[in-house]
Every structure is written in C-alpha cells, then in structure tokens.
Amino acid sequence: MANETKYDVVVVGAGIVGLAHAYHAYNRGLRVAVVDHADGVTGASVQNFGHACITAQSGTALRYGTAGRQHWLDLSRKAGFWSAAVGTLCVARHDDELALINEFAAERGSSDVRLLDRTQILDRLPIRPDGVTGGMYLPNDLQVDPRTAAPSIARWLEASGVDFHWRTAATHFDTGVVHTTRGDLHTETTFVTVNYDIDRLFPEFADRDELQRCRLHMLRAHAPLAFTLPTPLFTGWSLVRYSGFDHLASKGAVLQRLRADYPDYVDIDLHQMYTPQPDGSILVGDTHAKDISTSPFQSEKGFAVLIDEAEKLFGVPLTVTERWQGVYSSAPDKEFLIEEPIDGVHVVTVTTGIGMTTSMGLALESVENALTNNNIRIPA
C-alpha cells in the first residue's frame with residue numbers, strides 16, 4: 001500500500017517539470033516517488049516542439065535554461081531518447097527584423113549569437129529567398145524528440161528505483177503527507193508540479209496570478225524541401241515572442257509592422273516556427289488562445305494559417321500527417337509560479353510555454369533550495 005513507505009521526496013505531476021525534480025532528487029541518493037492521475041506522461045510535455053530555446057530567454061529563464069542544458073544531454077544518453085545539440089537558425093525577412101537581430105547579437109556576444117548575412121542564411125535554410133535580409137545562428141540551443149523524451153525519462157527513473165504511482169490523484173497536502181486517492185504518502189519534501197491543474201489543488205495561487213490555459217494549433221507535416229532543415233527555425237514572429245528581445249529598441253517596430261501586415265493573425269496570436277524531426281517530418285506551429293477552461297473545439301483558421309505561411313516560406317506544398325491542440329499554463333507577465341504554501345510543500349509551475357527549455361535548471365535549483373531549507377540529509 002502507498003502509506004507503508006516513507007519517502008524523502010514525493011513529486012506530484014509526471015510532466016517534464018515533475019520528472020526533472022524527481023531526477024535531481026534521485027541524483028542526490030534520495031528515496032523518491034512520483035504521483036500522477038494519468039497512466040503515463042501526457043499533456044504539454046509531449047505536445048510541444050521539443051525545442052530547448054535557451055538563448056532567446058532572459059533573466060531567470062535564461063539561468064534555468066543554461067543550467068539545465070547538460071542535464072538534457074546526459075539524460076538523453078541515460079534514458080535513450082533522441083537529442084541534438086544543433087542550435088537554432090533565425091531568418092530575417094525584413095530590415096526591421098535584421099536590426100533587432102543585430103541588436104540582440106551586440107548584447108549577447110559571439111558565444112551566444114552568430115550573425116549571418118543573406119547568402120549565409122540562404123545556404124543553411126531550404127527556404128525561398130524572397131525578402132530575406134540575413135539571420136542568426138544560436139549555437140547553444142537543443143532539440144529532443146517531444147514524443148519520447150519525457151516518457152523515456154519516466155521509464156528510466158522507474159527502472160532506477162523511483163516509485164511511480166500512476167492513475168493516482170493527489171487530493172490535499174499536510175506537512176509530511178501527500179493525501180492521494182490510493183492512500184497517504186509520507187515524505188520529508190513534496191513538489192507539486194501539475195502545470196495548469198494548479199487551480200484544482202491551490203486555487204488561491206491561480207486566482208492571484210490570473211492563471212489560464214493556453215491552447216495551441218500545432219501540426220506535423222512532410223515537405224519536399226531542397227535539402228533537410230538542419231535546425232529549429234525561428235522567424236520574425238519569434239523575435240517578438242521571447243523575453244530575450246523584450247527590452248531591445250527595435251522590437252516595437254517589428255511588432256507594429258507584423259500586426260499591420262497581418263491583421264487577421266492578431267486574434268490567433270501567431271508564432272511561426274519549425275522544428276525538424278528524426279523521421280524527416282517538421283513540427284509546425286503555433287497559435288495561442290487563453291482562457292481558464294480549455295475548449296475542445298479548434299477553428300480551422302489556425303491550421304490554415306500555419307500551412308499557408310509554411311508553404312510561402314519554404315516554397316513547396318506541405319503534406320500534413322497530424323494535427324493537435326497543445327495546452328500549457330499561462331499567466332500574464334509571469335514565467336514561473338513558485339510557492340511554499342505548507343511547510344515542506346513546494347508548488348512549482350512554469351506559467352508560459354518554456355517548460356522544456358527551463359525544466360532541468362528550474363528543478364535543479366528548486367531541489368537544492370528545498371533540501372537546504374528543510375535540512376534533509378543527503379545520503380553519503
């Protein structure tokens with residue numbers, strides 16, 4: 001029975017943030033359990049691009065992304081999922097986008113950003129040359145297979161001795177106890193990493209931070225490209241989306257022009273990016289719609305825009321093989337929700353779409369802080 005075992009750490013939520021907490025606790029020799037209401041890894045952790053876009057972050061997110069980079073690579077080898085340290089390419093298709101790229105490169109330096117002229121970016125990308133003004137290469141970014149990475153980590157942790165309590169829902173918490181639908185789990189430290197479902201366990205935080213569910217249009221497609229897309233591909237839409245560009249003087253001009261040139265895309269909050277997959281397909285996305293509850297219905301407009309813009313960029317037709325609705329937690333002007341509502345119970349949620357990018361570094365710091373503050377003895 002669940003209540004017969006005492007753990008050093010219990011993680012509630014088997015998404016990538018929860019698995020990262022379990023991984024770092026396990027690495028310290030602690031006895032760890034993971035609780036999840038599903039029968040395997042689901043949700044945002046398998047619905048994403050599989051792209052650790054580290055360089056485009058700023059502040060805390062950049063620190064987490066950088067700290068977690070090597071852990072992704074290490075786990076890829078240990079757990080046996082595909083990863084690639086290929087970086088990210090970003091194409092500029094307007095002078096204002098190139099100005100923003102130049103500004104970003106000047107601030108970050110050549111170790112993070114390598115500027116590419118028009119010829120260099122076209123040599124690297126199988127795209128139409130129309131309007132291309134230049135680009136950049138971000139060498140420190142990573143890719144993993146989003147369908148297999150988190151499930152593989154869960155299997156590896158379970159095989160390594162971490163206890164997984166699948167189809168088990170946490171109902172409430174006390175210091176030292178996680179109450180579940182299958183009995184109580186006793187523990188020194190609890191991490192609650194349930195993404196948007198935080199509003200079901202700690203609604204006061206969801207209300208305070210105006211937490212919502214962000215719905216995405218995403219798809220997988222094949223395209224007869226002139227050559228293989230070598231890395232994830234950012235466009236001008238990426239430059240106005242990530243926090244690393246927020247404070248730069250040129251961002252306003254890019255955002256204003258995109259909204260003026262594409263007024264029909266404002267309501268779907270378009271982000272035009274592409275990630276190549278090991279099987280030769282490309283993940284295409286995405287759009288964004290936010291609400292407290294998730295509607296199961298998706299307008300065809302979002303998919304039509306994604307397909308149309310991809311075909312314009314690459315100059316070839318797409319053959320769509322899958323479409324899906326991604327969902328992640330979102331809060332206005334906030335990237336992370338980190339609280340300790342009860343002694344020893346730590347709520348940790350990424351409140352924007354950078355869970356894959358930041359999870360490993362976030363959990364590393366979160367586990368270290370919790371173990372220090374709770375005076376947990378780490379086995380020799």
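All heavy atoms count here, side chains included; hydrogens, waters and symmetry mates do not.
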Can you tell if the side chain of [X] reaches within under 4.5 Å of the side chain of [Y], non-hydrogen atoms only?
X      : Y      : result
Phe205 : Leu211 : no
Met360 : Leu75  : yes
Pro341 : Val347 : yes
Asp145 : Phe81  : no
Leu142 : Met356 : no

Using only heavy-atom distances, determine whether the side chains of [X] and [Y] contain a donor-acceptor pair under 3.5 Å.
X      : Y      : answer
Arg241 : Ser238 : no
Thr55  : Asp141 : yes
Tyr7   : Asp163 : yes

For [range], which residue pairs pass the salt bridge (charged side-chain N to carboxylate O under 4.0 Å, His left out) check, not counting sequence neighbours?
range            : result
residues 54-82   : Arg63-Glu365, Asp74-Arg77
residues 316-337 : Arg147-Glu322, Asp209-Lys334, Arg220-Glu322, Glu300-Arg323
residues 113-124 : none

Closest heavy-atom pair and its distance - [X], [Y]:
X      : Y      : answer
Val86  : Gln143 : CG2-OE1, 3.6 Å
Asn48  : Met218 : C-CE, 4.0 Å
Asp246 : Lys251 : OD1-NZ, 2.7 Å
Lys301 : Asp267 : NZ-OD1, 2.9 Å
Val35  : Thr168 : CG1-O, 3.1 Å
Arg93  : Leu313 : NH1-CD1, 3.6 Å

Quick one: does any side-chain atom of [X] pair with a main-chain N or O of [Y] as donor and acceptor, under 3.5 Å?
X      : Y      : answer
Gln57  : Cys53  : yes
Gln298 : Arg215 : no
Ser366 : Leu362 : no
Glu97  : Gly135 : no
Thr189 : Gly344 : no
Thr349 : Leu337 : no
Thr175 : Asp343 : yes
Thr352 : Ile354 : no
Gln277 : Leu283 : no
Thr358 : Tyr64  : no

If the condition is side chain to side chain donor-acceptor pair (under 3.5 Å), which residues does [X] pass it with, not counting sequence neighbours?
X      : result
Glu158 : none
Asp96  : His94, Arg257
Thr287 : His217
Glu368 : Arg28

Drop me the distance from [X]'s [atom1] to [Y]'s [atom2], to the nearest 0.5 angstrom.
X      : Y      : atom1 : atom2 : answer
Cys90  : Phe245 : SG    : CZ    : 6.5 Å
Lys6   : Asp8   : NZ    : CG    : 8.0 Å
Tyr265 : Leu306 : OH    : CG    : 9.0 Å
Ile16  : Ile153 : CD1   : CD1   : 4.0 Å
Met273 : Phe49  : CE    : CZ    : 5.0 Å
Ser293 : Gln212 : OG    : CD    : 10.0 Å

### Task
Look at the side-chain heavy atoms of Ile, Leu, Val, Met, Phe, Trp and Tyr, link any pair under 4.5 Å apart, and say whether Val10 and Val177 land in one connected group.
no
### Query
Any chain of hydrophobic side-chain contacts (each under 4.5 Å) joining Leu62 to Leu138?
no
### Message
ring-ring contact (aromatic ring centres under 6.0 Å, His included) for His71 and His24? Distances and angles first, verdict last.
### Response
CA-CA 9 Å; His71 291 287; His24 286 300; 4.7 Å; yes
Distance-only donor-acceptor hits, side chain of residues 192-199, under 3.5 Å, sequence neighbours excluded:
from	atom 1	to	atom 2	distance (Å)
Thr193	OG1	Val12	O	3.1
Thr193	OG1	Gly13	O	3.3
Thr193	OG1	Gly18	N	3.4
Asn195	OD1	Ser329	N	3.1
Asp197	OD1	Arg200	NH1	3.4
Asp197	OD1	Arg213	NH2	3.2
Asp199	OD1	Arg213	NH2	3.1
Asp199	OD2	Arg213	NH1	2.7
Asp199	OD2	Arg213	NH2	3.4

List the atom pairs, donor and acceptor, that lie under 3.5 Å between side-chain atoms in residues 221-235 and the rest of the protein, sequence neighbours left out.
from	atom 1	to	atom 2	distance (Å)
Thr231	OG1	Leu89	N	3.1
Thr235	OG1	Trp237	N	3.3
Thr235	OG1	Gln272	O	2.7

### Residue pairs fulfilling side-chain hydrogen bond (donor to acceptor under 3.5 Å, both in side chains) with at least one residue in residues 34-45, sequence neighbours excluded
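Output for this query is empty, none listed.
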### Query
Just wondering, are more than 12 heavy atoms of other shown residues or ligands nearer than 6.0 Å to CZ in Arg167?
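Not buried by this count: 12 neighbours or fewer within 6.0 Å.
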### Task
Report the residues that fulfil salt bridge (Lys or Arg N to Asp or Glu O under 4.0 Å) with Asp207, sequence neighbours left out, ordered by chain and then residue number.
none
### Query
Who are the salt bridge (Lys or Arg N to Asp or Glu O under 4.0 Å) partners of Asp308, not counting sequence neighbours?
Lys312
### Plane angle bin for Tyr23 and Trp156 - parallel if under 30°, tilted between 30 and 60°, otherwise perpendicular
tilted
### Query
Can you check side-chain contact (heavy atoms from CB on, under 4.5 Å) on Val9 and Val11, steps first, answer last?
CA-CA 7 Å; Val9 170; Val11 179; 3.9 Å; yes
